[in-house]
Amino acid sequence: MDLILRGGNLPDGRENVDIGIESAKIVVVEANLQATAAAEIDVRGRLITPPFVDAHFHLDATLTAGKPRFNQTGTLLEGIALWEELKPTLSFDDYVARALQYCDWAVGQGLLAIRSHVDTTDPDLTGVKALLEVREQVKSYLDLQLVAFPQDGYLRSPIGIPNLSKALDLGIDVVGGIPHFERTQTEGAESVRLLCEIAAERGLMVDMHCDETDDPASRHVEVLAAETIRLGLQGRVTGSHLTSMHSMDNYYARKLIGLMSEADLQVVANPTANMLLMGRHDSYPKRRGMTRVPELMQAGLNVSLGQDSVMDPWGPLNAGDMLDVAHMAVHVGHMSGRDQMLSCFKAITEHPARTLGLEGYGLETGCHADLVVLQGEDPVEAIRLRPSRLYVIRRGKIIAQNEPTRIHLDLPSRPPTIDLGLKPT
Ligand SMILES: [Zn+2]
C-alpha cells in the first residue's frame, strides 16, 4: 500500500481503526491491519473524517471586505448595494487571485469541496469567466461547483435572463435564483418556475437563495418544492437560506415541511451569515433568523450548513473553517443534544457531499482517499475545539499539514504544557 493511517477514530464512533490507501483510493478500513505501506502515520486518539464540504459560498466576493468601505448597518441590502459599487471595479485577475487565496485557506483546514454561487448580473460576466478558470486550476485538490446566481434578480435585472443562459453555456454547473429579490411575490414565483424549467431542460441541478428575509409571508420555498415535484427534479433542487421559515406560523411551517419532504428538497442553512444579517429590523426580542434546522432534520430532509461569506460585503468574519459554522448552528438551533451535535457534523461533511453529488466521498472501501485528521478525538470535540487539522489528504497524498496545538504554561505546581483536548483523568 501507499499509505496507512494507524489507530484513528471515525465519525461513526468506531475507535482504533486503520485505513489503508492504494492508488488514491481507500482499500481497507479495519482494526489491526496486517499490512505494510510506503508510509505509515500514527493517528491514535485522533478523528479521521472525510473532508469538509461547504454547501453555500460566494467565491467572487470573498476577501473584499472594506472595499469600497465596510458594511456599517450589517444588513443584506447594504451588502448588495456595496457589491453593486464594487463589481464594476473588479478585474479578471483580481477575481482569480482572491479565489485562489481563499482556496488555500480552505485546503489548509480540510475543506476540499465548495459550492460557490457566482453573480451572473455583471454585464461582461467577468466573475463567471474568472471562477471557471479557478475551477480548472484547483481541480486536482478541490472540487469547486459553480452556481449561476442572478444577484440583481433574474426578472428584475435587464440582463438577468440572457446572462444566466450565457453563464450556463460557458460551463457553470448549477442554476441559481433569488426569488425574494424580484419586484413582487408573483414575479418571484415566476422566476422559480422559469429557472426550474431551464434546469429540467438542461439536466442540471438547482440551488436558489430562497426567502432570505424575516418576512414570514415570503413563501417561495413552497413554489420551489411544487416546481421540483412538477418537473420530476426530486433530490436535485436546493433551497438555500430559507430564513423566512424562522418567522412563519407553526401550522403553515408544518404543512410546508411535508411538501419539502415530498420534493426531497436539499436544504442549506448559513448560521454564521444569517445570525448577522437577519433580525436587523427587530428591536427586542430579536429573531435569530436561521431556518428550522432541527425540525427539517427530524423530518428526514438532507440539511447542510454553509459559510456564505468570508470577509465580503455581507460578512466581515469567518475564515474557511466549517467547524465554526457547525459550532454556531449548535447554539442558534438549540442543538446541544449529542445526536444533534453529531448531525451538525454530518451537515458539514456527508450531507453537503450528497447535495453536491460528490462521487466516491466517504470512508468506505473504494472511496477516494480524501481524508482529514484532526487533533480532536470525535465529532463533538471537533465542534467544541475546532482543533488543528493535522493532515489533509487528497487522493492519498498529504496536501496540508499542521502541528498539534499545545499551550506552554509557567504556573506554580501546574503542568508545563497543556492540550485543550485532553480530558481529566
Ligand atoms: Zn449566499
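Indexing begins at 1, ligand by ligand and atom by atom, following the structure's order.
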Inset, instruction - Give the atom name of whichever N/O/S atom in D308 sits closest to the Zn ion (ligand 1). - result: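 The Zn ion (ligand 1) is closest to the D308 atom OD1, counting only N, O or S.
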Inset, instruction - Could you check which N/O/S atom of H58 is closest to the Zn ion (ligand 1)? - result: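 Looking at H58, the N, O or S atom with the least distance to the Zn ion (ligand 1) is NE2.
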Legend entry - NE2 (H209) to the Zn ion (ligand 1) to NE2 (H56) angle, given to the nearest 10 degrees: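 About 90° at the Zn ion (ligand 1).
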Inset, instruction - Determine, using ring centers only, whether H220 and H209 are less than 6.0 Å apart. - result: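 Centroid distance H209-H220: not below 6.0 Å, so no.
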Legend entry - Aromatic contact, H56 with H241 (centres under 6.0 Å):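 Yes, they do, as the ring centres are separated by less than 6.0 Å.
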Inset, instruction - Please confirm whether K286 makes a cation-pi placement over Y284, using NZ or CZ under 6.0 Å from the six-membered ring centre and within 45° of the ring normal. - result: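 Yes, K286 and Y284 form such a contact.
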Inset, instruction - Examine R354 relative to Y361 and say whether NZ or CZ is less than 6.0 Å from the centre of the six-membered ring and inside a 45° cone about the ring axis. - result: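 Because its charged atom misses either the 6.0 Å distance or the 45° angle limit, R354 does not stack over Y361.
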